[in-house]
Amino acid sequence: EVLMPVATRTLTIEAPEGLHARPATAFAKAATESGAKVTVAAGERPAVNASSVLMIMALGVKKGDVVTLTVDGADPEVLADRLSGVLLEH
C-alpha cells in the first residue's frame, strides 16, 4: 500500500466577513472538483470535510481567524496552493 503524501497550509482569513456563504461555496466547489480528500479546521475546532458548504460555515470563521487546510491525494502541494488561493481571494 502506497501512502499518499499530505499537504497542509495554515492561512489567516483576511476577508472582513470571514468565511461566509460566497467564499465557503467557492472553496467547497474547488475542493470537490479537486478529487482529493480536503479538510479545513479552525482554531481548536475539529477539521471538517471541505466539500461541504454547511460544514465550512459551521466553523464560524471570522476575519483574523487562522484555518488549517489539509489535502490528501494526487499532487497535494499543487492542490493545497490552488485551494489556498481560492480561500484567500474572497
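Atom NZ of Lys62 has 12 or fewer heavy atoms from other residues, nucleotides or ligands within 6.0 Å.
The closest side-chain heavy-atom distance from Thr10 to Val66 is below 4.5 Å. Considering only heavy atoms from C-beta on, Val6 stays 4.5 Å or farther from Pro76 through its side chain. In this structure, the side chains of Thr39 and Lys37 come closer than 4.5 Å at one or more pairs of heavy atoms.
Put simply, Val48 and Phe27 are part of the same group of oily side chains (I, L, V, M, F, W, Y) that touch within less than 4.5 Å, one to the next. Following chains of ILVMFWY side-chain contacts shorter than 4.5 Å, one cannot reach Val53 starting from Val71, and the two form parts of different hydrophobic clusters. Placement of Leu11 and Val38 within a single hydrophobic cluster is found when ILVMFWY residues are connected by side-chain heavy-atom separations under 4.5 Å, directly or transitively. Hydrophobic clustering (side-chain heavy atoms under 4.5 Å, transitive across Ile, Leu, Val, Met, Phe, Trp, Tyr) groups Leu88 together with Leu69. Residues Met57 and Met55 are members of separate hydrophobic clusters, defined by side-chain heavy-atom contacts under 4.5 angstrom among Ile, Leu, Val, Met, Phe, Trp and Tyr.
Arg45 places a side-chain N or O within 3.5 Å of a backbone atom of Leu59 that can act as its donor or acceptor partner. Side chain of Lys63 to main chain of Glu17: no donor-acceptor pair is present (N/O by atom type, distance under 3.5 Å, no hydrogens or angles).
Annotation: the span from Arg9 atom CZ to Leu87 atom CG amounts to 12.0 Å, rounded to 0.5 Å. Rounding to the nearest 0.5 Å places CG of Asp75 at 10.0 Å from CG of Asp81.
Residues meeting the side-chain hydrogen bond (donor to acceptor under 3.5 Å, both in side chains) test with Asp65, sequence neighbours left out: none.
Here the closest heavy-atom approach between residue Ser51 and residue Ala31 is recorded as OG-C, 4.1 Å. Contact detail for Ala36 and Gly73: the closest heavy-atom pair is CB-CA, 4.2 Å. Between Ala74 and Leu79, the shortest heavy-atom contact is O-CD1, 3.7 Å.
Classification of Glu33 and Arg82 as a salt-bridged pair fails, no side-chain N sitting under 4.0 Å from a carboxylate O.
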